[in-house]
Amino acid sequence: MQRYYIMKDYLRKVISTSLAQFDINEEDIPEIQIEKPNQPEHGDAASNIALNLASILKNSPRKIADQIVESLEYEANKIDTVEIAGPGFINFRYAENYLFDELNNILEEGERFGKSSALDGQRILVEYVSANPTGPLTVGHGRNAVLGDTIANLLEWTGAEVDREYYFNNAGRQMRVLGQSVKARYLQELGQEVDLPDDGYEGEYIRDIAKALIDEHGEELIDSDNITPFKEKAEQVIFEDIQETLQRMDIEMDAFFNEQEVYDDGSIDKVVETLREKDLAYDEDGATWFKTTEFGKDKDTVLIKSSGEPTYRLPDIAYHVNKLERGYDQCIDVFGADHIDTYPDVLSGLDAMGYDKSKVDVVVYQFVTIVKEGKPFKMSTRKANFVTLDDLMDEVGSDVTRFFFEMRDPNTHLEFDIAEAKEAGDKNPVFYLQYAHARIHSILRKVEQEYSFDAKAKLSLLTHESETELMKSLIRFPEMIQSAARSHEPHRLINYLDDLASAFTSFYHDCRILGEEKELVQARSALAKATAQVLANGLGILGISAPEEM
RNA sequence: GCGCCCGUAGCUCAACUGGAUAGAGCAACUCCCUUCUAAGGAGUAGGUUACAGGUUCGAGUCCUGUCGGGCGUGCCA
C-alpha cells in the first residue's frame with residue numbers, strides 16, 4: 001500500500017474517489033484543491049471542490065458537499081473530523097495519531113525528510129550566473145546565482161536529476177574592449193601616457209590584471225598590436241575570481257558552456273539555414289534578419305550584422321537547441337529583467353525550428369538595490385562604482401547574502417539594506433532560524449547528559465496546543481518544498497521556515513523539556529529533534545548553515 | 001509612443017496561484033528575565049490592497065482603463 005506522506009495528496013485521492021458518484025465527464029472535473037485555512041476553526045485542511053462543482057452540476061454547493069462527505073472513505077487514524085462550513089467548504093481535522101505517525105516518520109527519515117518523487121525521472125538543466133568574464137560578480141549576479149542554485153536544490157529534492165550550467169561568451173565586442181582596457185593599463189603601468197578606450201572598463205581589477213602581466217612578461221608585450229594576451233589573461237584571472245566568489249556561497253556548477261561551441265560545431269549556421277528554409281530569415285542592408293514580426297513583435301530582429309558577426313540572439317537560439325538536443329525534459333534559465341526582451345526571440349527560434357518551446361522556462365528576477373546608510377546605491381559594471389558580491393559577503397557573510405536573495409519573490413524588486421543585513425539580532429530574519437536550530441541542539445545536549453532512554457518515545461503525551469501546532473507545521477515541509485520547486489520560488493520555503501521557527505518558539509515558551517517527567521522529556525525531545533531536523537533540511541536547501549551553537 | 005514587471009500597515013515584504021475575518025518583521029507604545037540561549041515572548045495601535053469600472057457564489061490575485069515607479073524597446077550582451 002502506498003504511503004501518503006503529503007496529506008494533500010491523500011485528501012485529493014479520497015475526494016476524487018467520492019466524486020465518481022457524480023455523472024460528469026472526467027475532463028470537466030475541476031482540479032481538487034486542498035488548502036490550509038487561515039482560520040483555525042476551519043480545520044487543518046479544506047477543499048473548495050463543492051463550490052467549483054456547483055455550476056457544472058447545477059446544484060447548490062452545500063448539497064454537493066453533503067453528497068461528497070457522505071460517501072467519503074478515509075482512515076480514522078488520519079482524519080478525525082470532516083465538516084461542511086460556510087458556502088460549501090469541506091473542512092478536515094487531522095487525527096492525533098496521524099501527527100504522531102508523521103513525527104516518527106520525520107525522525108526515521110532524518111536528513112532525507114522532505115524529499116519526494118514528484119519529479120522522478122525528469123532531467124532538468126538549470127542555467128544560471130552566466131556572467132561573461134568581464135569583471136567581478138555584482139550583487140545582481142548574486143541574486144541570479146543564489147536563485148538558480150536554490151531552485152536547482154529544490155528540484156533535486158523533488159526527485160529531478162539536475163544539471164547546473166554556466167553559459168558564457170569570451171569573444172565579441174565586450175571582451176575586445178576588456179582586452180584593450182587591460183592593455184591601456186599595462187602601458188600606463190609601464191609609464192606610457194595612454195587613455196582607456198571609449199567605454200573602457202575602469203575598475204581597479206583591470207590594473208591588477210595589467211600588473212600580473214608585467215610580473216609574467218615584463219615589457220615584452222609593449223609593442224604588440226595583438227590584444228589576445230591581454231584578453232586571455234583577463235579572462236583567466238576574472239574567471240578564477242568568479243569561481244572563488246561562487247564557492248564562498250557554496251555554489252558549484254556542473255558545466256561551463258562556452259558560446260564559441262555553437263559557432264565551432266556549425267549549429268549557428270544550421271539555425272540560420274533552417275530559418276531561411278522556412279522563410280523566416282532574409283537579407284537586408286547587408287544583414288540577416290529574423291522575422292520576429294511573425295511571432296508578434298513590432299520589428300524584425302538582426303541575427304547577423306552587416307559586419308558578418310552574429311548578434312547574441314543567434315548563438316542563444318543555437319545554445320537552446322543544443323540543450324534540448326541533449327535530451328533535457330526541462331530547461332530553466334535564470335536571468336535579470338534587463339534580458340526580458342530577448343527570450344521571446346529564443347522561444348520563437350526554437351518554435352520555428354520545430355522544438356518544443358514549452359520545455360524552456362524562464363525565471364526572471366527584478367533588480368537589486370543596495371541600500372547603504374539609508375540611501376540607494378546605483379551601480380554599473382563598466383563604471384566600477386558597483387558593490388561586488390565579494391564586498392557584500394565580506395560585510396554580511398554568505399548565509400545572510402543567500403538568505404536576502406532568497407527571501408523575496410524573484411519577480412519583485414529587492415532592496416538589500418546592508419545595515420539591516422549586518423544586524424546580528426532582531427532585524428535579521430536569518431538569525432531567527434539559525435537561533436531556533438541552535439537552541440534546540442543546546443537543549444538536546446543537556447537532555448543527553450541528564451537522561452538515558454531505552455524505550456520508544458511516548459508521543460501521545462504531546463497534547464499541548466503548542467505541541468500540536470508545531471507538529472502540524474512540521475508535516476507541511478514536504479509539500480512546501482514541492483510548492484517552492486514547482487513555482488521556482490524559493491521565498492516560499494523561507495516563509496514556511498519562519499512559521500516553523502515561530503511555532504517552535506511558542507512551544508519553547510509553553511512547554512519545558514528539562515525537569516519534566518522522564519517520559520514527557522523524551523516525547524518533547526523527540527518533537528524538538530524533529531524540528532531541528534526540518535530546520536536543518538530547509539536551511540540546507542537554501543544553502544545556509546544550521547549551526548548547533550551560536 | 002509601444003512591450004514586460006511592480007504598486008498591499010509609516011518602512012521592507014507575505015498571502016499556498018480565485019476562497020472564508022489580508023498576515024509577518026522592522027519602527028511606535030505597554031508589559032515579561034531567581035525558568036532548557038531575552039539573538040526571545042505576550043499585547044496595543046496601524047489597511048477603502050494606487051484609482052475607476054468589469055468578470056462570479058467569492059477578487060489583493062483574472063479582464064479593461066487611468067495614475068505612479070522600474071526595465072526594455074541597438075546591426076550592444
Side-chain angles (χ1 to χ4, degrees), chain A residues 8 33-39 41-42 46-48 51-52 54-55 60-61 85-89 91 130-132 134 169 172-175 177 199 259 285-289 296-299 301-313 315-316 336-342 344 364-367 369 371 407-409 411-417 420 423-429 431-432 434-436 438-447 450 476 479-480 483-484 486-487 489 491-492 494-496 498-499 502 505-506 508-510 512-516 521 524 528 549-550:
Chain A
K8 280 189 180 182
Q33 298 174 29
I34 309 289
E35 303 203 312
K36 180 186 180 298
N38 291 325
Q39 262 60 43
E41 60 268 27
H42 294 147
S47 178
N48 61 354
L51 289 105
N52 288 335
S55 62
S60 87
F89 290 101
N91 294 339
S130 296
N132 288 335
T134 56
N169 161 12
R173 204 191 76 93
Q174 265 190 10
M175 290 301 288
V177 175
D199 294 337
E259 183 184 303
D285 299 334
T288 305
W289 297 73
K297 278 224 164 182
D298 287 347
K299 297 181 209 161
T301 309
V302 172
L303 285 177
I304 302 173
K305 301 184 237 176
S306 49
S307 65
E309 221 174 348
T311 65
Y312 60 92
R313 280 163 221 259
D316 262 8
D338 54 338
H339 288 235
I340 196 129
D341 250 16
T342 91
V364 176
Y365 62 92
Q366 301 294 322
F367 276 21
T369 312
V371 176
M407 72 195 279
R408 302 300 182 209
D409 184 337
N411 207 19
T412 63
H413 293 265
L414 174 68
E415 196 160 289
F416 200 128
D417 189 326
E420 185 179 323
E423 190 109 12
D426 335 24
K427 283 189 182 174
N428 194 331
F431 286 95
Y432 187 69
Q434 293 181 319
Y435 182 62
R439 193 181 239 176
I440 293 169
H441 277 275
S442 165
I443 296 169
L444 292 177
R445 279 191 297 272
K446 288 185 176 145
V447 169
E450 295 176 30
R476 293 180 60 213
E479 96 191 33
M480 290 316 297
S483 151
R486 195 172 37 238
S487 60
E489 291 178 352
H491 74 282
R492 292 179 187 229
I494 298 232
N495 290 156
Y496 163 76
D498 209 52
D499 282 349
S502 139
T505 310
S506 297
Y508 174 82
H509 280 272
D510 295 340
R512 275 194 71 81
I513 297 179
L514 257 37
E516 298 288 343
V521 173
R524 286 181 173 167
E549 269 179 276
M550 287 176 78

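Naming convention: chains lettered A, B, ... in sequence-line order (proteins, then strands); numbering from 1 in each chain.
B:C75 makes up no base pair with any nucleotide shown, lacking Watson-Crick or G-U wobble contacts both under 3.5 Å. The partner of B:U34, taking Watson-Crick or G-U wobble pairs whose two distances both stay under 3.5 Å, does not exist in any strand shown. Under the Watson-Crick or G-U wobble criterion, with both distances below 3.5 Å, B:U64 is paired with B:A52. The nucleotide B:C4 finds its pairing partner in B:G70, both defining distances of the Watson-Crick or G-U wobble pair being shorter than 3.5 Å. Base pairing analysis places B:A9 opposite nothing; no Watson-Crick or G-U wobble pair with both distances below 3.5 Å involves it. Pairing of B:A27, defined by two Watson-Crick or G-U wobble distances under 3.5 Å, is not identified with any nucleotide. Base pairing annotation: B:G47 forms no Watson-Crick or G-U wobble pair, as no partner gives both donor-acceptor distances under 3.5 Å. Figure legend. B:G18 is base-paired to no nucleotide; pairs are counted as Watson-Crick or G-U wobble with both atom distances under 3.5 Å.
Under the side-chain contact (heavy atoms from CB on, under 4.5 Å) criterion, A:His491 pairs with A:Asp409, A:Pro410, A:Glu489, A:Asn495, not counting sequence neighbours. Under the side chain to side chain donor-acceptor pair (under 3.5 Å) criterion, A:Ser130 pairs with A:Glu127, sequence neighbours left out. Residues that satisfy the side-chain contact (heavy atoms from CB on, under 4.5 Å) test with A:Tyr508, not counting sequence neighbours, are A:Arg439, A:Ile443, A:Phe504.
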Dump every N/O contact between nucleotides 1-4 of chain B and the protein below 3.5 Å, one line per pair.
{"residue": "B:C2", "atom": "O2'", "partner": "A:Asp298", "partner atom": "OD2", "Å": "3.4"}

Collect all protein-nucleotide pairs involving nucleotides 75-77 of chain B in which both atoms are nitrogen or oxygen and the distance is under 3.5 Å.
{"residue": "B:C75", "atom": "O2", "partner": "A:Ser306", "partner atom": "N", "Å": "2.7"}
{"residue": "B:C75", "atom": "O2", "partner": "A:Ser306", "partner atom": "OG", "Å": "2.8"}
{"residue": "B:C75", "atom": "N3", "partner": "A:Ser306", "partner atom": "OG", "Å": "3.2"}
{"residue": "B:C75", "atom": "N4", "partner": "A:Asp285", "partner atom": "O", "Å": "3.0"}
{"residue": "B:C76", "atom": "OP2", "partner": "A:Lys305", "partner atom": "NZ", "Å": "2.4"}
{"residue": "B:A77", "atom": "OP2", "partner": "A:Tyr312", "partner atom": "N", "Å": "3.3"}
{"residue": "B:A77", "atom": "O3'", "partner": "A:Asn169", "partner atom": "ND2", "Å": "3.2"}
{"residue": "B:A77", "atom": "O2'", "partner": "A:Asn132", "partner atom": "ND2", "Å": "3.2"}
{"residue": "B:A77", "atom": "N7", "partner": "A:Tyr312", "partner atom": "OH", "Å": "3.3"}
{"residue": "B:A77", "atom": "N6", "partner": "A:Tyr312", "partner atom": "OH", "Å": "2.8"}

Grab the N/O contacts between the protein and nucleotides 8-13 of chain B below 3.5 Å, and write none if there aren't any.
{"residue": "B:U12", "atom": "O2'", "partner": "A:Arg408", "partner atom": "NH2", "Å": "3.1"}
{"residue": "B:C13", "atom": "OP1", "partner": "A:His413", "partner atom": "O", "Å": "3.0"}
{"residue": "B:C13", "atom": "OP1", "partner": "A:Glu415", "partner atom": "N", "Å": "3.4"}
{"residue": "B:C13", "atom": "O2'", "partner": "A:Arg408", "partner atom": "NH1", "Å": "2.3"}

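With contacts defined as side-chain heavy-atom distances shorter than 4.5 Å, the pair A:Thr342/A:Tyr312 qualifies. Here the side chains of A:Glu549 and A:Arg445 are in contact, with some heavy-atom distance below 4.5 Å.
With distances taken from any side-chain atom of A:Asn52 to the nucleotides B:G40, B:C6, B:G19, the minimum falls on B:G19. When distances are taken from the side chain of A:Arg512 to each of B:C5, B:A38, B:U35, the shortest belongs to B:U35.
More than 12 heavy-atom neighbours from other residues, nucleotides or ligands sit within 6.0 angstrom of CD on A:Glu41.
Anti is the conformation of B:U35, whose glycosidic angle sits further than 90° from 0. Applying the 90° criterion around 0 to the glycosidic angle, B:C63 comes out anti.
Of the side-chain N and O atoms in A:Asn48, none sit less than 4.0 angstrom from OP1 or OP2 of B:G18. Between B:A38 and A:Tyr508, a contact under 4.0 Å exists linking OP1 or OP2 to a side-chain N or O. For A:Tyr432, a side-chain nitrogen or oxygen approaches OP1 or OP2 of B:G41 to under 4.0 Å. Within the 4.0 Å cut-off from OP1 or OP2 of B:U73, not a single side-chain nitrogen or oxygen of A:Lys297 is found.
Going from atom CZ of A:Phe416 over to atom P of B:G25 covers 21 Å, rounded to whole Å. Atom-to-atom, CD of A:Glu35 to P of B:A14 comes out at 19 Å; the value is rounded to the nearest Å. Distance A:Gln39 CD to B:G19 P: 14 Å, rounded to the nearest Å. Taking atom CG of A:Asp510 as the reference point, atom P of B:G40 lies 17 Å away to the nearest angstrom. Residue A:His441 contributes atom NE2, which lies 19 Å from atom P of B:C36 at whole-angstrom precision.
If you check every strand for non-hydrogen atoms under 4.0 Å, A:Arg492 touches a base. Residue contacts for A:Glu450: at a heavy-atom cut-off of 4.0 Å it reaches no nucleic acid atom on any strand shown. Base engagement by A:Ser487 is indicated by at least one non-hydrogen atom pair under 4.0 Å involving a base atom. A:Tyr496 comes within contact range of no nucleotide atom at all, as no heavy-atom separation falls under 4.0 Å. Residue A:Glu41 is classed as a base contact, given a heavy-atom separation below 4.0 Å to a base.
Of the inter-residue distances, the one linking A:Lys8 atom NZ with A:Arg476 atom CZ reads 7.0 Å to the nearest 0.5 angstrom.
The ring of A:His42 lies on top of the base of B:A20, close enough and flat enough: under 5.5 Å between centres, under 30° between planes. A stacked arrangement is not assigned to A:Phe367 and the six-membered base ring of B:G70, the conditions of a centre distance below 5.5 Å and an interplanar angle below 30° not being jointly met.
Looking at A:Arg492, its side chain never comes within 3.5 Å of a backbone N or O of A:Met480 through a donor-acceptor pair. Judged by distance alone, the side chain of A:Ser47 and the main-chain N or O of A:Gln33 form a donor-acceptor pair under 3.5 Å.
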